[in-house]
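Structure, as structure tokens:
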Amino acid sequence: MRIFLLFLLCAAFASCNHFEFSPNQTFDKISLKDVNATNLKRLGNGADDDTVTFVLTGDSQKSRDETVQFCKAVNAIKGIDFVVLAGDITEFGVLKEMLWISRTLEDLNPPYVAVIGNHDETARGKETFLHMFGELNYSFVYGGIKFVCHDSNSREYNFNGQIPNIPWLKNELKPSPQIKGFVGISHVPVNSEDFDGKLIKDYTATFAQTPGFLASLNAHTHNYQLYYPDNSGIPYVITSAMANKEFLVVQIINNKISFERVYF
Amino acid sequence: MREYIFKFRFVFLLLVASSVKVSAQNFKFLIPDQAIVQYAGSIGYFSGGVGYELFGNKKGNLDLLYGFVPGNKGGVLHIATAKFGYKPWTIKLKDWGKVYPFNPAVFVTYTFHKDLSFKFPSGQYAHDYYYWSEALRPHLAFSSEIELDAKKLVKNIGVKAIGLYIEANTNDFYLINYLQNTSALTITDIFQLGVGIRVKF
């Protein structure tokens, strides 16, 4: 009898969605859907916000404990409009890792969006990301600034000359009366060996030729860096990894961009 | 080389000849002792296969399973599994059954899918760029099984016993995540469940 009770207990435990079909399944009963779109809806367009302030972080892979602390640190700062997780959400590109990280990031007061990283594209991560977060290339406008988030993980496509997708970028960076400035956000920075060497010139020139282009923001290297790959004067900034307990607070006022390194 | 081939053929013929004579005896070990059907447990939406009792004490078990995850459950995946389990403890339930309360197991899965490679292509990535295999996954598992004596339930169906089990498993991916994040993740986060039926002949 006692054994049967034990079995019942196990079954009850089991019913809380612990039945996994495969670590490589791209969704399950409780996995979230369209996280980016949902959070951007919550963010709104910030039409009356003349001070755009957001947090840039990345590489949360294998750093669940640090992500919990990260959320507390971000919530303690006043005036953060949104948070960008610039890729490598996961280490192995599996659903469970994306679920775990999103579960933690739900504690953030401001809405967050995720950009795909190279680790997220291993295994079936691309499909899983598409299902859970949304498109790999997408953009949104907040406070008159257009944020152009894109896939720059060229190595994952064996440097096929299509990633980053420059025609798509050119189209997104077209001038528009409602948009004062542009910010590019992706995982792999242009100065990395994982960025398609054939596209560097075209990529940086595309940004340089865009009036009001403020900065290119990345992660991937796990270390903060500010550099200028060309003479356009556009800053290229890399944020530190979640594991290093450091993130960037980016502020845009009157189309002037500034960066502050924050440690937690 | 030719000599070797000849020798090999000779040996092979000898083997075949001898096996034909006593095939029933020699290849008996190929006949499975159990048929298995499992739901979930990280090896398919449903999986099925055969089981072999190992060792003289029959406490060891080798299960070979094929599993499938359909598209509407997050697939499409085809999964081959080889599972080695051990039943260190047995509790007798009068004369109608047994309980194996805690059975550790290890198993490996190979998942067939175009996005999953055995090894990351060396032309594309430097050595050790990624350190794991996408398709081959080692797992660690624990199961509890209740075994009902079939003869006590129904007579003459050619089945010795029916085992119902529940199994919790984790894999290298989840363990690495857990071990580095013991405050944000719990053991129940990384262990995933499956249930199955084992029919013993």
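Numbered from 1 within each chain, the chains take letters A, B, ... in sequence-line order.
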Please flag which part of Phe68(B) lies under 4.5 Å from any non-hydrogen atom of chain A: side chain, backbone, both or neither. neither

Going through the distances and angles, do His119(A) and Tyr130(B) end up as a side chain to side chain contact (heavy atoms under 4.5 Å, CB included)? CA-CA 9 Å; His119(A) 278 257; Tyr130(B) 294 127; 3.7 Å; yes

Thr111(B) versus chain A, the contacting section by heavy-atom distance below 4.5 Å: side chain

Tell me the closest heavy-atom pair linking Ser42(B) and Pro23(A), and the distance in Å. O-CD, 3.9 Å

Taking the side chain as everything from C-beta on, heavy atoms only, tell me whether Asn181(B) gets closer than 4.5 Å to Trp100(A). no

Heavy-atom distance under 4.5 Å to chain B: side chain of His131(A), backbone, both or neither? neither

State, yes or no, whether a side-chain contact exists between Ser22(A) and Tyr45(B) at a heavy-atom distance under 4.5 Å. no

Within-4.5 Å side-chain heavy-atom neighbours: Arg124(A) and His113(B): yes

Within a 6.0 Å radius of atom NZ on Lys98(B), are there more than 12 heavy atoms belonging to other residues, nucleotides or ligands? no

Given the rule in the side chain to side chain contact (heavy atoms under 4.5 Å, CB included) test, do Arg103(A) and Leu185(B) qualify, once you have shown the distances and angles that lead to the verdict? CA-CA 11 Å; Arg103(A) 185 177 70 191; Leu185(B) 290 178; 3.7 Å; yes

Smallest separation among heavy atoms of Asp65(A) and Ala184(B), with atom names: OD1-N, 2.8 Å

Asn72(B) side chain near Phe27(A) side chain, heavy-atom distance below 4.5 Å: no

Donor + acceptor pair across side chains of Tyr125(B), Asn158(A) (<3.5 Å): no

Which portion of Tyr178(B) sits near chain A, non-hydrogen atoms under 4.5 angstrom: neither

Which bit of Asp28(A) is near chain B, if near means a heavy-atom gap under 4.5 Å: side chain, backbone, both or neither? neither

Which distance, rounded to the nearest 0.5 Å, do you find between the NE2 of His18(A) and the CD1 of Ile166(B)? 11.0 Å

Side chain from CB out, backbone as N, CA, C, O: work out which of these in Thr122(A) comes under 4.5 Å of a heavy atom of chain B, or both, or neither. both

Just wondering, do Leu193(B) and Glu20(A) contact through their side chains at under 4.5 Å, heavy atoms? no

Would you mind telling me which of Gln192(B), Gln180(B), Glu134(B) has the largest number of heavy-atom pairs within less than 4.5 Å of chain A? Gln192(B)

Are any non-hydrogen side-chain atoms of Asp115(B) and Glu127(A) less than 4.5 angstrom apart? yes

Do the charged groups of Arg64(A) and Asp189(B) touch, with an N to O distance under 4.0 Å? no

In sequence, state the C-alpha distance, the side-chain angles, and the governing distance for Asn177(B) and Phe92(A), and then conclude on side chain to side chain contact (heavy atoms under 4.5 Å, CB included). CA-CA 10 Å; Asn177(B) 269 282; Phe92(A) 306 108; 3.9 Å; yes

Residue part contacting chain B, namely of Glu193(A), when any heavy atom lies under 4.5 Å: neither

For a quick check under 3.5 Å, do Tyr129(B) and Asp194(A) share a side-chain donor-acceptor pair by atom type? yes

By a 4.5 Å heavy-atom criterion (distance strictly below it), what part of Leu116(B) contacts chain A: side chain, backbone, both, or neither? side chain

Neighbour count above 12 (heavy atom, 6.0 Å) for Lys198(A) NZ: yes

Examine Phe21(A) together with Tyr39(B) and report whether their ring centres are nearer than 6.0 Å. yes

Rounded to the nearest 0.5 Å, how far does OH of Tyr174(B) lie from NZ of Lys96(A)? 4.5 Å

Residues of residues 74-87 of chain B with a heavy atom under 4.5 Å from any heavy atom of chain A, in residue-number order, are Gly74(B), Gly75(B), Val76(B), Leu77(B), Ile79(B)

Can you pull the side-chain hydrogen bond (donor to acceptor under 3.5 Å, both in side chains) pairs that have at least one residue in residues 81-91 of chain A, sequence neighbours excluded? Gln61(A)-Glu91(A), Asp81(A)-Tyr142(A), Asp88(A)-His187(A), Thr90(A)-Asp120(A), Glu91(A)-Tyr131(B)

Over 12 foreign heavy atoms within 6.0 Å of CD, Glu53(B): yes

